[in-house]
Amino acid sequence: MKFVILFGPQAVGKMTVGQELAKETGLKLFHNHMTIDLVSPFFSYGTKEGRRIVELFREELFESVAKSDLPGMIFTFVWAFDMEEDWAYVRHVTTIFESRGAEIYYVELEADIEERLVRNTTENRLTHKPTKRDIAWSEGELKQTATMYRLNSRDGELDVDNYLRIDNTHLDATTVAARIKQHFQL
């Protein structure tokens, strides 16, 4: 079992890279909006109830995959490095898989905000993430969170095995996925 946590700021390309990596490795992709967009017709992810339900779905899926005979999972996540609750969440999720003997791989993506604003409007993103279709809102959220939170790690901050950081500002998703696959021999 392999668990790849693919993280970075909004519109950095996590889902698109995850899609390519899933094709290349046979791992299942679970991008974070699969649960956010499932719950959003009822409760906004910004509400306490919305977050609670999203977390319940994710927890059940993680537990089920971790004890299955699937080869593994790719999970995308926006990790605010200046929020202890995000660190705790990543520790919790990775522990679910580690406790079942899975190998954990950490892949951090970074890209210039100008490129992320372009990617925020791509057809693939809007097709798979209905809550991002309000471009004015999602662009505003992207800019706001870039000033409110630290969405990429500092050099040496992550003291984990199996870590790779890629600046994918000028790289396509296929190239990034190939680098990840090769680096970790997935």
> Could you tell me which non-hydrogen atom of Ser44 sits nearest to which non-hydrogen atom of Thr47, and how far apart they are?
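In this case the closest contact between Ser44 and Thr47 is O-OG1, 2.7 Å.
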
> Between Ser64 (side chain) and Leu61 (backbone), is there a donor-acceptor pair under 3.5 Å?
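No, Ser64 side chain to Leu61 backbone: no donor-acceptor pair under 3.5 Å.
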
> Might you point out which heavy atoms bring Asp37 and Ser40 nearest each other, and give the distance in Å?
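Heavy atoms only, the tightest pair is O-OG, 3.3 Å.
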
> Do we see a donor-acceptor contact under 3.5 Å between the side chains of Asn124 and Gln19?
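Looking only at side-chain atoms, Gln19 and Asn124 do form a donor-acceptor pair, the distance falling under 3.5 Å.
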
> Give me the ring orientation class for Trp79 and Phe81: parallel if the planes are under 30° apart, tilted from 30 to 60°, perpendicular past 60°.
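Taking Phe81 first and then Trp79, their aromatic rings lie parallel (interplane angle under 30°).
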
> Taking atom types as modelled, find out whether Gln10 and Asn120 have a side-chain donor-acceptor pair closer than 3.5 angstrom.
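No pair is found: no donor N or O on one side chain lies under 3.5 Å from an acceptor on the other.
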
> Working to the nearest 0.5 angstrom, can you tell me the gap between Leu186 CG and Lys2 NZ?
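One gets 6.5 Å once the value is rounded to the nearest 0.5 Å.
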
> Checking Thr16 side chain against Ala173 main chain: does a donor-acceptor pair fall under 3.5 Å?
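No; judged by distance alone, with no hydrogens or angles, the pair does not exist.
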
> If hydrophobic clusters are built by linking Ile, Leu, Val, Met, Phe, Trp and Tyr wherever their side-chain heavy atoms come under 4.5 Å apart, do Leu27 and Leu70 end up in the same one?
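Per the 4.5 Å side-chain linkage, Leu27 and Leu70 are not co-clustered.
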
> Any idea which heavy atoms bring Ala146 and Ile113 closest together, and the distance?
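It is CB-CD1, 3.9 Å.
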
> I'd like to know if Val160 and Met73 are part of one continuous hydrophobic network [Ile/Leu/Val/Met/Phe/Trp/Tyr, side-chain heavy atoms within less than 4.5 Å].
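Yes, same cluster.
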
> Does the plane of the ring in Phe30 sit parallel, tilted or perpendicular to the ring in Phe75? Use 30° and 60° as the thresholds.
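Phe30 and Phe75: tilted rings.
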
> Out of curiosity, does Leu29 fall in the hydrophobic cluster containing Leu164 (side-chain heavy atoms, cut-off under 4.5 Å, transitive links)?
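Yes, Leu164 connects to Leu29 through the hydrophobic network.
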
> State, to 0.1 Å, how close Ile36 and Val54 come at their nearest heavy-atom pair, and which atoms those are.
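For Ile36 and Val54, the tightest heavy-atom pair comes out as CA-CG2, 4.0 Å.
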
> Find the distance between CZ (Phe97) and CD1 (Ile5) and round it off to the nearest 0.5 Å.
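Rounded to the nearest 0.5 Å, the CZ-CD1 separation comes out at 10.0 Å.
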
> Just verifying a value: how many Å separate Ile166 CD1 and Leu109 CG, rounded to the nearest 0.5 Å?
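Output value for this atom pair is 6.0 Å.
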
> Does any part of the side chain of Lys143, heavy atoms only, come nearer than 4.5 Å to the side chain of Leu117, both counted from C-beta?
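Yes, close enough: below the 4.5 Å cut-off.
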
> Does a salt bridge link Glu84 with Arg91, judged by any charged N lying under 4.0 Å from a carboxylate O?
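The answer is yes: the pair qualifies as a salt bridge.
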
> Please confirm whether the backbone N or O of Glu114 pairs with a side-chain atom of Asp112, one donor and one acceptor, at under 3.5 Å?
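Here the side-chain-to-backbone pair does not exist.
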
> Would you kindly confirm whether Leu56 and Val39 end up in one hydrophobic cluster when ILVMFWY residues are joined by side chain heavy atoms under 4.5 Å apart?
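They do not share one cluster, since no chain of ILVMFWY contacts under 4.5 Å joins Leu56 to Val39.
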
> With the side chain counted from C-beta on, respond yes when Pro9 and Asn152 share a heavy-atom pair under 4.5 Å apart, and no when they do not.
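Of all side-chain heavy-atom pairs linking Asn152 with Pro9, at least one is under 4.5 Å.
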
> Is the side chain of Arg133 donor-acceptor paired with the backbone N or O of Thr127 at a distance under 3.5 Å, no angle test?
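A pair under 3.5 Å: yes.
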
> Rounded to the nearest 0.5 Å, what separation is found between the NE2 atom of His33 and the NZ atom of Lys132?
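His33 NE2 to Lys132 NZ: 4.0 Å, rounded to 0.5 Å.
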
> Should Tyr106 and Val4 count as side-chain neighbours, where that means a heavy-atom distance under 4.5 Å?
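The answer is no, as the side chains (C-beta and beyond) never meet within the 4.5 Å cut-off.
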
> Please examine the side chains of Val78 and Phe7, heavy atoms only from C-beta on, and report whether any two atoms are closer than 4.5 Å.
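No. Closest side-chain heavy atoms not under 4.5 Å.
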
> Closest heavy-atom contact between His92 and Glu59?
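In terms of heavy atoms, the two residues are closest at NE2-OE1, 2.8 Å.
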
> Do Phe3 and Phe184 share a hydrophobic cluster, counting only Ile, Leu, Val, Met, Phe, Trp and Tyr and linking them when any side-chain heavy atoms are less than 4.5 Å apart?
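In one cluster with Phe3: Phe184, no.
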
> Would you call Glu115 and Arg119 a salt bridge, using N to O less than 4.0 angstrom?
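Yes.
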
> Any salt bridge between Lys181 and Glu20, counting N to O under 4.0 Å?
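Looking at Lys181 and Glu20, the cut-off is not met.
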
> Determine, for Tyr45 and Arg51, whether the Lys NZ or Arg CZ falls below 6.0 Å from the six-membered ring centre while staying within 45 degrees of the axis.
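Judged by the rule, Arg51 and Tyr45 form a cation-pi pair.
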
> With a 4.5 Å limit on heavy-atom distance, are the side chains of Tyr149 and Asp86 in contact?
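Side chain of Tyr149 against side chain of Asp86, heavy atoms only: no contact under 4.5 Å found.
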
> Is a side-chain donor-acceptor pair under 3.5 Å present for Arg165 with Ser153?
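Yes, a side-chain donor-acceptor pair sits under 3.5 Å.
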
> Please check if any side-chain donor atom of Tyr105 sits under 3.5 Å from a side-chain acceptor atom of Glu103, or the reverse.
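Checked: Tyr105/Glu103 side chains pair up, N/O donor to acceptor below 3.5 Å.
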
> Write down the atom of Arg179, the atom of Leu171, and the distance for their closest heavy-atom approach.
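Minimum heavy-atom contact is NH1-CD1, 3.4 Å.
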
> Can you confirm whether more than 12 heavy atoms, excluding those of Glu123, are under 6.0 Å from its CD atom?
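12 or below, so no.
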
> Are Met15 and Lys129 side-chain neighbours, meaning at least one heavy-atom pair lies under 4.5 Å?
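Counting from C-beta outward, Met15 and Lys129 do come under 4.5 Å.
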
> Does Glu24 reach the side chain of Thr174, with side-chain heavy atoms less than 4.5 Å apart?
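Sidechains of Thr174 and Glu24: no contact.
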
> In Å, rounded to the nearest 0.5 Å, how long is the span from CZ of Arg58 to CD of Glu55?
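CD of Glu55 is found 5.5 Å from CZ of Arg58.
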
> Roughly how far apart are Leu158 CG and Asp161 CG, rounded to 0.5 Å?
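Interatomic distance, Leu158 CG to Asp161 CG, rounded to 0.5 Å: 11.5 Å.
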
